[in-house]
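Quick one: structure below, then a few questions.
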Amino acid sequence: MSLFRRLFHRRPPQGLVEISDNIFVFNHCFSTDFFEEDELKPYIGGILKQLIGRYSIDSFMVFNFEGSKKDNQIACIFSDFDMSVMGYPRNYEGCPLLTMEMIHHFVRSSESWLSLGQDNFLLIHSEQGGWPILAFALAALLLYLRRYNNERKALEMVYKQAPPGLVEHFSPLNPAPSQMRYLKYVSRRHMSPEQWPPADRMINLNCVIIRGVPNFDGKGGCRPILQIYGPDPFAPNDKSTKVLFSTPKTSDSVQLYTQEDSEIIKFNARCPVQGDVVMECISLDENFEHEVMVFRVMFNTAFIEDDLLLLDRDQIDILWDTKLRFPVDFRVEVIFSEMDTITSLNSSQLSSEDKENFSRVEDAFSHLDWSTKSDDVTTNATEQNGSNNEHDGFDAVSLQETESSNSTSEHSLLGTRSVQVIQMETEHNHSSAPTFDIVKDPVADTHSLPETDSLALKSQEHKLFEDSSPRELPKLDTTKNNPNSDLPSANSRDSEAAGDAAVAEWSDTNTDTFLSDTPSSSSPSSPQKFDEDSMEAGIVEIQTQTAEPQRC
């Protein structure tokens, strides 16, 4: 008789379902029956009165999976009985799941409360439409308490408490694959209790590769776009979700993939993610107006292993009647990489369309070996410094190797003049501004003149520089040091034109050198050095103009 009374006393009051020891759920959560506001209060109030008649009011901890209403009616009903309620959202970006942070809070609070004594109970309620998230939360709690060791069995047991088809009634997509993924996250707690849950990991979601084209246009193809939601990794205090990536709905970004012509679909997302992430693939019609959900996936970055997430068609959330639209070997590959803070910060400031364009450019140049080019630049800079020392600040190349025509040669001299003027301004300023010593002409390094011709070369080059420089150079002795002393009427325009023509004519002759296009980094050591070069240039000019040069 005492055993009968004990069993009868442990039986839950009418209106409650005991999922496991000391875990009660309101039975109207397992049905599609909808209570009006004036009906809900007397219904729940009658159940609470029965509980208070059996147990102390301090024996219950109440959880509620709330809707979108700001003024929650359930909290008001329980407050009339001096009972507080902890509320949780019914979905996360459309997925009937909780974030890992909320899961941890829910299961730890429940475990702590139940461990205080055998007379402590959990009262769990979900508002209209909250059955899918309630079923997941109950399965996660049973796994955490070790009352079940298999994720699938725990979820199926809870589903069986409700009439068949209840999940389909409240959720357009089958949420079981993502729910199973998160239940496995919960089961990992038993492997390393001290390190569960692991800290959210910030990583780059590089790309999503879909192998096998699903049929969503009725012709064996689809026009897919990708959308990624999650918290902003660079705003840790903001827990709200943001659109981290979205394929632009433009003809340049959206294209038709068919099972006959395409084997893979690739999305270059290249966006930083952290924590709980929702990824959706949507198919558009040819007018980009009608959308159909292809699949949805929710995951947590802390549990990503080897920077790779592999999913087959049984591991993605899809519409209830679309499984046959996917090939048997359908697979989704989500590829991650370690976080590059600078690159990701810059890319996070770009729009989705800019990211897509950047991805195309990066893919086009991905086959090039940039490291080799970098080494060449370093080698060229080193050779340039050595060349400047050898030729006392100027580079020389063979005219035979570079001259293609008289006009090309004259154009090269004009280009050289403008560059050399910039270099001279930098040298005379003696400022901390960067110099041009790393600029290099590769032809000049491979075809430098012998040392025996360097004196004539320096003089001829200096002559050209003197004629082309727009700066006001220091006045020298016009009878000895000025290279232009042999040119008639230096103060008149006609004489200046004649002097320029003589220089251009001299450059077209059978001489062996002309001035390099590369500015020099060597600075004149003193005004005395400049006078000596000017004097040498004057002597060479007299020698070269004694005989009429012969044109080729």
Side-chain angles (χ1 to χ4, degrees), residues 19-23 61 63 86 88-89 92 95-116 120 122 124 132-160 174-205 230-231 233 236 239 272-279 296-312 314-317 331-339:
I19 299 297
S20 185
D21 292 343
N22 295 31
I23 301 177
M61 175 176 281
F63 298 99
M86 285 193 289
Y88 295 93
Y92 178 79
C95 296
L97 283 166
L98 296 174
T99 64
M100 282 305 302
E101 181 181 5
M102 291 184 180
I103 293 173
H104 182 238
H105 183 272
F106 171 71
V107 295
R108 283 293 302 273
S109 300
S110 301
E111 181 191 41
S112 299
W113 182 256
L114 294 176
S115 63
L116 294 178
N120 283 358
L122 298 180
I124 303 178
I133 182 67
L134 174 61
F136 166 78
L138 292 173
L141 179 58
L142 296 176
L143 288 170
Y144 189 84
L145 297 176
R146 292 180 180 269
R147 298 184 183 181
Y148 274 83
N149 296 323
N150 185 279
E151 299 86 7
R152 186 171 300 278
K153 290 183 178 180
L155 188 60
E156 290 178 350
M157 187 278 297
V158 178
Y159 278 158
K160 290 179 180 179
N174 181 10
S178 289
Q179 289 181 344
M180 286 292 300
R181 187 176 303 107
Y182 271 72
L183 291 178
K184 292 182 182 296
Y185 294 164
V186 175
S187 296
R188 293 190 184 185
R189 181 251 183 181
H190 306 305
M191 300 179 183
S192 54
E194 300 81 7
Q195 299 178 358
W196 190 91
D200 289 341
R201 177 188 175 197
M202 186 187 301
I203 52 180
N204 280 319
L205 196 159
K239 300 299 183 181
V273 293
Q274 184 177 23
D276 301 280
V277 180
V278 175
M279 183 176 66
R296 180 185 64 197
V297 175
M298 182 171 172
F299 60 89
N300 187 280
T301 59
F303 298 90
I304 298 298
E305 297 179 353
D306 300 327
D307 294 335
L308 183 64
L309 178 62
L310 297 178
L311 306 167
D312 58 31
D314 294 327
Q315 296 174 315
I316 55 176
D317 302 349
R331 187 173 62 181
V332 178
E333 301 176 3
V334 188
I335 301 176
F336 304 88
S337 66
E338 292 299 327
M339 189 67 183

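Residue numbers count from 1 along this sequence.
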So, Thr99 side chain and Asp276 main chain: donor-acceptor pair closer than 3.5 Å or not?
->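 Between the backbone of Asp276 and the side chain of Thr99 there is no qualifying donor-acceptor contact (under 3.5 Å).
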Let me see the working for Asn120 and Met61 under side chain to side chain contact (heavy atoms under 4.5 Å, CB included), right down to the final yes or no.
-> CA-CA 8 Å; Asn120 283 358; Met61 175 176 281; over 6 Å; no
Relative to each other, are the rings of Phe106 and Phe63 parallel, tilted or perpendicular (30° and 60° limits)?
->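 Phe106 vs Phe63 ring planes: perpendicular.
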Do any N or O atoms from the side chain of Ser115 and from the backbone of Ser112 form a donor-acceptor pair under 3.5 angstrom?
->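 Indeed, once roles are kept as given, a pair shorter than 3.5 Å links the two residues.
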Taking atom CD1 of Ile23 and atom CG of Leu138, what is their separation to the nearest 0.5 Å?
->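 With rounding to 0.5 Å, CD1 (Ile23) is 7.5 Å from CG (Leu138).
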Met157 side chain reached by Ile19 side chain, heavy atoms, under 4.5 Å |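 Sidechains of Met157 and Ile19: in contact.
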With the threshold set at 4.0 Å, does a side-chain nitrogen-carboxylate oxygen contact exist between Arg201 and Asp307?
->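 Between Asp307 and Arg201 there is a salt bridge, with a charged N closer than 4.0 Å to a carboxylate O.
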Which heavy atom in Ala139 sits nearest to a heavy atom in Val158, and how many Å separate them?
->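 Here Ala139 and Val158 meet closest at N-CG2, 4.1 Å.
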Counting distance only, does the side-chain N/O of Gln315 pair as donor-acceptor with the main-chain N or O of Val332 below 3.5 Å?
->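 Such a contact is absent between Gln315 side chain and Val332 backbone.
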Shortest non-hydrogen separation from Leu141 to Ser110 and the atoms involved |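 Scanning both residues, the minimum pair turns out to be CD1-CB, 3.6 Å.
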Report the C-alpha separation of Val107 and Arg189 in whole Å, then their side-chain angles, then the decisive distance to 0.1 Å, and conclude whether the side chain to side chain contact (heavy atoms under 4.5 Å, CB included) test is met.
-> CA-CA 11 Å; Val107 295; Arg189 181 251 183 181; over 6 Å; no
Do the side chains of Glu151 and Leu143 get nearer than 4.5 Å, heavy atoms only?
->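 When only atoms from C-beta onward are counted, Glu151 and Leu143 do touch, with a gap below 4.5 Å.
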Can any side-chain N or O of Arg181 pair as donor or acceptor with the backbone N or O of Phe299 at less than 3.5 Å?
->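 Such a contact is absent between Arg181 side chain and Phe299 backbone.
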Is the CZ atom of Arg152 crowded by more than 12 outside heavy atoms at less than 6.0 Å?
->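 Incorrect, the count does not exceed 12.
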Give a yes or no on whether the backbone of Pro236 and the side-chain of Gln274 come within a donor-acceptor separation of less than 3.5 Å.
->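 Absent.
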Test item: Ser337 and Asn204 side chains (from C-beta on) under 4.5 Å apart, heavy atoms |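 A side-chain contact under 4.5 Å exists here.
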Heavy-atom pair with the smallest gap, counting every atom of Arg296 and Ser178 |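 In this case the closest contact between Arg296 and Ser178 is O-OG, 4.3 Å.
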Measure the spacing between CG of Leu98 and OH of Tyr92 and express it to the nearest 0.5 Å.
->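 Reported value, rounded in 0.5 Å steps: 11.5 Å.
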Nearest-0.5 Å distance that lies between atom CZ in Arg108 and atom OH in Tyr144 |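 Between atom CZ of Arg108 and atom OH of Tyr144 there are 4.5 Å.
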Rounded to the nearest 0.5 Å, how far does CG of Leu183 lie from CG of Asn150?
->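 Rounded to the nearest 0.5 Å, the CG-CG separation comes out at 10.0 Å.
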Atom CZ of Arg147 and atom OG of Ser20: how far apart are they, to the nearest 0.5 Å?
->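 Reported to 0.5 Å precision, the distance equals 3.5 Å.
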Taking Trp196 for its side chain and Ser187 for its backbone only, find out whether a donor-acceptor pair lies under 3.5 Å.
->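 Looks like no, no N/O pair under 3.5 Å.
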Closest heavy-atom pair and its distance - Pro233, Met202 =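 Heavy atoms of Pro233 and Met202 come nearest at O-CE, 3.3 Å.
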Ionic contact status for Glu305 with Lys184, cut-off 4.0 Å =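 No, no charged N to carboxylate O under 4.0 Å.
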Which atom names give the shortest non-hydrogen contact between Asp200 and Ala302, and what distance separates them?
->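 Smallest heavy-atom distance, with atoms named: CA-CB, 4.3 Å.
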Distance, nearest 0.5 Å, that separates CG of Asn22 from CG of Leu145 |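 Reported to 0.5 Å precision, the distance equals 10.5 Å.
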Nearest non-hydrogen partners of Met102 and Tyr88, listed with the distance =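 Here Met102 and Tyr88 meet closest at O-CE2, 4.0 Å.
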Without swapping roles, check the side chain of Asp306 against the backbone of Leu308 for a donor-acceptor pair under 3.5 Å.
->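 Side chain of Asp306 to backbone of Leu308: no pair is present.
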For atom CD of Glu101, decide whether the heavy atoms of other residues, nucleotides or ligands shown that lie under 6.0 angstrom number more than 12.
->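 No.
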